[in-house]
Every structure is written in structure tokens, then in C-alpha cells.
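In the text below, chain A, chain B and the rest are named by the order of the sequence lines, each starting its count at 1. These numbers come from the heavy atoms of this one structure, side chains and all, not from hydrogens, waters or symmetry mates.
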There are 4 protein chains.
Amino acid sequence: MDFKKSQTIYEQIADIVRENILTDKWQAGDKIASVRELAAEIEVNPNTVMRSYSSLQEQGILFNKRGIGFFVSDKAQKIIHKMDKDIFIKEELPSIFRKMKLLHVDFEELKNLYNKSKSKYL
Amino acid sequence: MDFKKSQTIYEQIADIVRENILTDKWQAGDKIASVRELAAEIEVNPNTVMRSYSSLQEQGILFNKRGIGFFVSDKAQKIIHKMDKDIFIKEELPSIFRKMKLLHVDFEELKNLYNKSKSKYL
Amino acid sequence: MDFKKSQTIYEQIADIVRENILTDKWQAGDKIASVRELAAEIEVNPNTVMRSYSSLQEQGILFNKRGIGFFVSDKAQKIIHKMDKDIFIKEELPSIFRKMKLLHVDFEELKNLYNKSKSKYL
Amino acid sequence: MDFKKSQTIYEQIADIVRENILTDKWQAGDKIASVRELAAEIEVNPNTVMRSYSSLQEQGILFNKRGIGFFVSDKAQKIIHKMDKDIFIKEELPSIFRKMKLLHVDFEELKNLYNKSKSKYL
DNA sequence: GTGGTCTAGACCACC
DNA sequence: GTGGTCTAGACCACA
């Protein structure tokens, strides 16, 4: 597994977990991989995985049962969706629109790029 | 001057320089603030400014004359525009489109948000 | 450790690293001395070593794992060999040939000097 | 006029003067360009030219007559030839031979490159 | 005055 | 422990 340098590894792991929950790969109540299992699989220090799980737990996305493991919480999907959409609309989109203006990219071009990217996944 | 802590100071300085060039505030051939001047103005260590200028020089955006100062290179604007557009189209937009899909944001909603943001600046 | 003053220290450190890789002392995947270790060993400021390692990383010769250290990249030797041979053939040799002409040194004399230098290492 | 960054401007100017003398463009007793003339021509600070001329004077290559200008000394060519050949044989060639070994360039290849470079100037 | 290098020492996040 | 950034202050060569 290879990670981007611009973001910390534990955040990138948390992102993957969040995405798996958002896309229904992992559902409410599911037991997810143990810290050691995941660490071994993606070749990362167990401390690093632990840190990801802990932060997800603080956000109410995971919960753990002592000696058993980490589980997806009931409200996980709702929480993630709200967090992500908030960031998307308040931070990411404005930054994109600002850059479009700076680079003289008009909405037509955006539309074309959108359609092109969509057709990739058909 | 205050900086975000999510990004290094020297990158933020480089970003400002790039933006000033892209928006024609500084034009090809212009002498820009000396390392010490800028450092004093934005209350930062001269070494930090130096690092920004050096990286911009490596990218071909600035050049310097010994003992005189740093200048905006002829191709600066073209280089910056190309770099920025490349990143925008190959990295930022795909990430945005991917997130739209994940969050079930359709193109109509994007269009509305775009028009809303546009009207802010009218 | 003593350095020539005609060249910056950080370039000389980078040169040593490159040479150690080129001569197989350090091989692809090897972990090299940490910034602080090397700095202590050659009695130089850690920042200076950091600067060397960073530039080697930009060139694709080294890479690092967060919190672990710097490593020799797989293509390191190939990159260095290409860089060196390019400079040798496009810059150093022409300059030598030009000087030979200027100083009226013919190819026979060069051959003699070459053989003499070679016998030194036998 | 454009200068390499790796060497100081005044040294590069001195190099040009030396070369002009070595190739008989400027001969013993000739008056060379005044400091201001040359400075204007190559767009450089007069101080910088002065520094070049001074160093050449120290080496016995130039001499000056007060209020008249700088002149090529009688022994100029001999001095330059000796200096250059010394450096060439004791420093530059050994460094080249060392690099040949490192880059696995054998003498045959050197010969080919030499002949190729020679034919360029025919 | 300018850029450029270097040191000493600090602080941080991460593994 | 590791890399990475930043500061304060010094010194140098060059214009």
C-alpha cells in the first residue's frame, strides 16, 4: 500500500474506512479488521492504525468492545455523510470555483470535463 | 501576516507570489521584494522567504541577478498557468467528481451552487 | 571531515552519497544514515545534511518513510549514472577538448597521460 | 551577455581576457577595452570589470598606465599558458580520468568522442 | 545593498 | 527514534 506524502498515514487510513462505510461495503454493526490485522495487511505500524481507529471512535463512527474489536456504529453513515458534505460545500467547492476563475475555466468546460469523467465509469 | 498551519509557511509565500504573477500584479521582468524586505514585511525569518524564492527559481518562475535581487521570469505566467491547470484537471477535479458521486450530489446541484457563488462577486 | 570551500557543504555531501551508490557501497533499498547520525559523524549541522538528502530525494535517488528514515531508491544508480554521463559528455569533455586545443595538447600526449595515470592504480 | 551561476562574474570575465590573449586576439602591448567600455558592452557593474582587471594585473598578465588604460604584458601569454597547463594536467585531467573509470568509459570511447568533437570544427 | 550558506537550537507530528 | 519546519543570528562573496 502506498500513501500520499501530503497527508498523514493515519488520516488516509481513516479516509478509507469512512469511504467503505459510506459505500455500504461495511455496514452498521459490522466488525472491522483488528488493528493488528489491518496493520499487517497494509504494512504499517500498529500504532498508526490504532490512531486512525481512535479518531474514528471519537467522531462516533466506530465503537469498540473490549477484547473483541472495533465495530461500525449505527449512525456512522449519517455522521460521515454530514461531515463530508459540509466540508465539500463550505470548503472544497468554493476553492474549486475560485480556481476556475483564476484559470479562466468557464462552466461549459467544467460540464465537458464532468461528462468525460462520468463516461469513464460506464 | 497570518498563515494557515496546515501548509508550510514557505509554500504559502510561494503561492502568494504565484498568484500575484498570475493576476498580473507582478509582470515579467519586474523586480520583486528582496528576501530581507519581504521577511520584515510579513514578519518571517529571511531563511523562510529564501526557501520560497529558491523553489520558485527552480521552477523557472523567478530568476535572480547576483547582488541585485529576484525578478519575474518571462515565461513565469505561462509556467504557473500550466502547472495550476494540470493539477486542477488531473487531480482536483477528479477528486471533486468522485466525492460528488459518493455524496450523491448531482450536476444540477453543482450548477446551483456555482451560480450562487458567482452572484456573490457581482 | 573536511570540505573544499569552492563547493557548498551540502553539495559535497550529496556527491558522496551519489558516489557511494554508484560504487555499490549502498544498494537499492538500503537504509542510509539518519540526518542526525550523519550530521554528528561528519560534524555538520543537521540542517545541512537535511538539505543534501532533500535534494537527492527530489532527484529520485533517495526516498523516505515517515518517521523511519531515508532509503536508496530502486532507480538510484540508473539516475545517477545517467546524470553523470550526461554532464561528462555534454559539458566536461567538450571543455577539456577545447582546452587541449587552446594549450596545443595533442591526442598522443593525452594518451600518454592517461596511461601514466592508469598505471598509478595497478 | 549571460554568465554561468557556478562561477563568479569577475572570474568569467578574466577567463575571457585570458583566452583572448592565448589565442592571439589580443597581443603583447595592446591596449584593451577600458573598464567602463567593457562594463557597458557586457552590461555589468564597472566594479566587477575592475576586479577582473586587477586580478589579471596581480598575475602579471595585464599592466596599466595611469590615466591611459590597461595593456597586455609581454609575458602574458607565457604566464597564462603555464598556469592553464598546470591546472589542466594536475587537476582537470585526473578528475576526468577518475570519472571515466566511475562511469565505465574506456579509452576507445574517449577517442571516438574526441574525433567527433574535432570534426565539428572542420 | 543583494543573495547564499551555515550553525545552534527549538518545536512539531509521526512511527 | 525519525523527518520537517522555523527562528535568530552570523558570515561570506558579489554588485
Residue pair Asn64(B)/Gly67(C) against DNA chain E: nearer the 5' end by closest nucleotide is Asn64(B)

5' precedence on DNA chain E between Arg36(B) and Tyr10(A) (nearest-nucleotide basis)
Arg36(B)

Looking at Trp26(A), Phe63(A), Tyr53(A), which hits ring pair (Phe, Tyr, Trp, His ring centres under 6.0 Å) with Phe71(A)?
Phe63(A)

Is it the case that the side chain of [X] and the backbone of [Y] share a donor-acceptor pair, with hydrogens and angles ignored and the cut-off at 3.5 Å?
| X | Y | result |
| --- | --- | --- |
| Ser95(D) | Glu91(D) | no |
| Thr48(D) | Tyr10(D) | no |
| Glu19(B) | Ile16(B) | no |
| Gln12(C) | Gln7(C) | yes |

Upstream residue (5' side of DNA chain F) when Phe70(C) and Ile9(B) are each assigned their closest nucleotide:
Phe70(C)

Most 5' of Glu11(B) and Glu11(D) on DNA chain F, judged by nearest nucleotide
Glu11(B)

With a sphere of 6.0 Å drawn around NZ of Lys75(D), does it hold more than 12 non-hydrogen atoms of other residues, nucleotides or ligands?
no

NZ (Lys82(A)) with more than 12 external heavy atoms under 6.0 Å
no

Atom pair [atom1]/[atom2] of [X] and [Y] - distance to nearest 0.5 Å:
| X | Y | atom1 | atom2 | value |
| --- | --- | --- | --- | --- |
| Ile79(A) | Leu62(A) | CD1 | CG | 10.0 Å |
| Asp2(B) | Ile9(B) | CG | CD1 | 10.5 Å |
| Leu102(C) | Leu22(D) | CG | CG | 4.5 Å |
| Ile21(B) | Leu56(B) | CD1 | CG | 7.0 Å |

Which part of the nucleic acid, if any, lies within reach of Gln7(C) when heavy atoms closer than 4.0 Å are counted: base, sugar-phosphate only, or nothing?
nothing

So what does Val44(A) hit on the nucleic acid, given a heavy-atom distance under 4.0 Å: a base, only sugar-phosphate, or nothing?
nothing

Take N1-N3 plus N6-O4 or O6-N4 for Watson-Crick, N1-O2 plus O6-N3 for G-U, both under 3.5 Å. Which runs of 3 or more such pairs involve DNA chain E?
E:1-14 with F:1-14

Between which nucleotides of DNA chain E, read 5' to 3', does contact with chain A run, using atoms under 4.0 Å from its heavy atoms?
dC14(E) to dC15(E)

Quick one, which residues of residues 45-57 of chain A touch DNA chain E with a heavy atom under 4.0 Å?
Asn45(A), Thr48(A), Arg51(A)

